[in-house]
Every structure is written in structure tokens, then in C-alpha cells.
Amino acid sequence: MAHWVLIVLHAGTAVAAFVLGCLVLAALPSTARAARFVAFFWCVIASMSLLVAVVLFDWVQLNPTRRIAFGILCALAAYLVIRVLQARAALVRKPATWRKALIGHVGFVMISLFDGFCIVSAIDLRLPPWLIVTVAVLGVVVGVVVIRALVRRDAAGEPAGAN
């Protein structure tokens with residue numbers, strides 16, 4: 001029962017983080033709507049913490065291969081927390097290139113969340129491994145294209161010398 005509660009909470013906060021991240025990126029080049037960013041920030045922190053909690057909860061039942069896979073997933077979760085902390089620092093400090101940094105950090109988190117959704121869905125649908133890998137790679141490619149377009153849009157809309 002506790003396992004499923006953790007899974008549902010993890011999935012719910014991940015979906016909320018994704019929606020809020022879309023809203024944060026859509027709000028640029030403004031200050032990214034501070035309340036939206038704060039909600040995005042805490043949803044990412046919660047989602048990644050819950051992911052680690054699920055893995056720890058299941059650890060003794062996992063075979064060595066799954067332990068390696070889930071260990072790597074936990075490392076990615078830690079890195080996503082670092083990226084969301086860096087996004088917050090860019091938003092608070094506002095260095096000359098804060099919008100580009102914010103888009104990069106939030107974008108990386110968004111790509112990772114999107115890819116996670118795609119991979120989990122493909123696995124749940126019991127798709128063949130080659131198709132799961134294809135879905136994962138396409139998720140990254142689409143995400144990178146979208147983030148690059150956002151960076152270009154933001155750069156084109158920014159007056160010279162503006163922060």
C-alpha cells in the first residue's frame with residue numbers, strides 16, 4: 001500500500017512540475033512569474049524526493065540489474081534537484097544571461113520529466129525494448145528542439161543590453 005501511495009504522489013508531483021514548468025517557460029521573457037516558479041521548484045523537489053523514497057522502499061526486493069537502473073535514476077533525480085536549484089539562483093540573482101540560464105535549467109528538467117513520462121508509458125504498454133529506446137531518444141530530441149527555439153525566441157525579443 002505504501003509503495004503505491006509513494007508512486008501516486010511521485011507521479012502527481014511530476015505531472016504538476018511539468019505543467020508548471022511549461023507555464024514558467026511560457027511566461028518568459030518576464031521574470032517567469034515568481035509564484036509559478038516557486039510551485040514548479042517545490043514540485044520538482046517533492047517528485048524527486050518521492051522517487052528516491054520509492055526506490056529505497058523497494059530496494060531489498062530489487063534484483064541487481066534493477067538496483068543499478070534505479071540507482072542511476074536516483075542519481076538523475078539528484079541532478080534534477082541541482083538544476084532546479086541553479087534555475088532558482090539564476091532567477092534570484094539575475095545575471096546578464098539569467099533568462100537563457102533559466103530556460104536551460106528548467107528546460108533540462110522538463111526534458112527529463114517528459115522523457116520519464118514517455119519511457120514509463122512505453123514500459124507500461126509493454127513495448128519492445130528497441131521502441132522504448134526510440135521513444136526515449138525522440139523525447140530528448142523533441143525537448144532539445146523546443147528549448148533551443150525558446151532560447152532563440154527569447155534572444156530575438158530581448159532589446160540590446162537588457163537584462
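All values derive from a computational prediction rather than experimental measurement.
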Rounded to the nearest 0.5 Å, how far does [atom2] of [Y] lie from [atom1] of [X]?
{"X": "Phe40", "Y": "Leu25", "atom1": "CZ", "atom2": "CG", "value": "7.5 Å"}
{"X": "Trp4", "Y": "Leu9", "atom1": "CH2", "atom2": "CG", "value": "13.0 Å"}
{"X": "Cys118", "Y": "Leu127", "atom1": "SG", "atom2": "CG", "value": "11.0 Å"}
{"X": "Arg99", "Y": "Arg153", "atom1": "CZ", "atom2": "CZ", "value": "10.5 Å"}
{"X": "Leu102", "Y": "Arg88", "atom1": "CG", "atom2": "CZ", "value": "13.0 Å"}
{"X": "Ile119", "Y": "Asp124", "atom1": "CD1", "atom2": "CG", "value": "12.0 Å"}

Report task. Applying side chain to side chain contact (heavy atoms under 4.5 Å, CB included), run through Phe18 and Met110 and close with a yes or a no. Result -> CA-CA 6 Å; Phe18 188 81; Met110 299 294 291; 3.5 Å; yes
Minimum side-chain heavy-atom gap [X]-[Y] below 4.5 Å:
{"X": "Arg67", "Y": "Trp59", "value": "yes"}
{"X": "Val84", "Y": "His105", "value": "no"}
{"X": "Ser49", "Y": "Val52", "value": "no"}
{"X": "His10", "Y": "Leu6", "value": "no"}
{"X": "Leu150", "Y": "Asp154", "value": "no"}
{"X": "Phe41", "Y": "Leu85", "value": "yes"}

Is a donor on one side and an acceptor on the other found under 3.5 Å between the side chain of [X] and the backbone of [Y]?
{"X": "Ser47", "Y": "Cys43", "result": "no"}
{"X": "Asp58", "Y": "Gln61", "result": "no"}
{"X": "Arg36", "Y": "Val24", "result": "no"}
{"X": "Lys100", "Y": "Thr97", "result": "no"}

Report yes or no: do [X] and [Y] belong to one cluster of Ile/Leu/Val/Met/Phe/Trp/Tyr joined by side chain heavy-atom distances under 4.5 Å?
{"X": "Ile7", "Y": "Leu51", "result": "no"}
{"X": "Phe117", "Y": "Val106", "result": "yes"}
{"X": "Val38", "Y": "Trp98", "result": "yes"}
{"X": "Val54", "Y": "Leu56", "result": "no"}
{"X": "Val141", "Y": "Val133", "result": "yes"}

Report task. May I have the step-by-step check of side chain to side chain contact (heavy atoms under 4.5 Å, CB included) for Phe70 and Leu73, ending in yes or no? Result -> CA-CA 5 Å; Phe70 284 116; Leu73 198 56; 3.9 Å; yes
Query raised in the report: Given the side-chain rings of Tyr79 and Phe108, with only the six-membered ring counted for Trp, is the space between their centroids under 6.0 Å?
Result: yes
Requested in this report: Could you go through the side chain to side chain contact (heavy atoms under 4.5 Å, CB included) check for Asp115 and Val137 one step at a time?
Outcome: CA-CA 8 Å; Asp115 220 29; Val137 170; over 6 Å; no
Query raised in the report: Under the side chain to side chain contact (heavy atoms under 4.5 Å, CB included) criterion, do Val144 and Arg148 qualify, and how do the steps go?
Result: CA-CA 6 Å; Val144 168; Arg148 285 185 179 171; 3.6 Å; yes
